[in-house]
Amino acid sequence: MCVAAIAAAHGIRGALRIKSFTEVPEDVAAYGPVFDQEGQRLFSLDVIGPTKGGVIAKVEGIDDRDAAEALRGTKLFIPREALPEPNEEDEFYYSDLEGLHAFQSGGARVGTVKRVVNHGAGDLLEIIDDRGKLNLVPFDKASVPVIDIENGRLEVTPRPELVADEST
């Protein structure tokens, strides 16, 4: 699961400005070491202070600005098992939605959830139908009234673009 991204170098001694995706930005280091997207590099973060939208951190072996700057844009991941289980009934991690089968409220299959994205106007589910067409569904209670992770499915309210066109 992606918990952060390295935004930039901070200062000349190798500190990093990290954009945290955790509820409490400082928690980005609370789950243990983080990995790059390929799982090739392991980073142990030492948070040294807060910054807007994230934290300033040091990483062992990164001792100058050039080395820190080379990491800009690196996404930082932890294993899903490192996170606590959600407490509330309507609480879950977006990665838990990936792969769920999407159905209309009436029972017709819509497709499979590829991922959750946010392009600035709110969260959207990317749902790929059986023909490979991408559908974007607003991720809110009105559009997605039922999420059943245990049974691997969710329901979306019928929308014209989700109704199968049998003529194509």
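Keep in mind the model is a prediction, meaning the values are calculated, not measured.
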Any side-chain heavy-atom pair from Ile149 and Leu100 closer than 4.5 angstrom? yes
Could you tell me whether the side chain of Pro84 reaches within less than 4.5 Å of the side chain of Tyr31, counting heavy atoms only? yes
Are any side-chain N or O atoms of Thr74 and backbone N or O atoms of Leu71, one a donor and one an acceptor, separated by less than 3.5 Å? yes
Any Phe92 side-chain heavy atom under 4.5 Å of Leu97 side chain: yes
Enumerate the residue pairs fulfilling side-chain hydrogen bond (donor to acceptor under 3.5 Å, both in side chains) with a member in residues 40-66, sequence neighbours excluded, ordered by first and then second residue. none
Tell me whether Val146 is reachable from Leu124 by hopping between hydrophobic residues (I, L, V, M, F, W, Y) whose side-chain heavy atoms are closer than 4.5 Å. no
CD of Glu150 to CG of Asp148, rounded to nearest 0.5 Å, is 6.5 Å
Glu38/Lys75 salt bridge by N-O under 4.0 Å criterion: no
If we only count heavy atoms from C-beta on, is the Phe77 to Val34 side-chain gap below 4.5 Å? no
Would you confirm whether Ser20, through its side chain, and Pro25, through its main-chain N or O, come within 3.5 Å as a donor-acceptor pair? yes
Quick one: do Arg115 and Glu98 satisfy salt bridge (charged side-chain N to carboxylate O under 4.0 Å, His left out)? Show the steps, please. CA-CA 5 Å; Arg115 64 182 174 162; Glu98 295 171 6; over 6 Å; no
Side chain proximity check, Phe35 to Leu76, heavy atoms < 4.5 angstrom: no
Does NZ or CZ of Arg153 fall inside the cone over Phe103's six-membered ring, less than 6.0 Å from its centre and within 45° of the axis? yes
Please determine whether a side-chain nitrogen of the Lys or Arg among Arg109 and Asp129 lies less than 4.0 Å from a carboxylate oxygen of the Asp or Glu. no
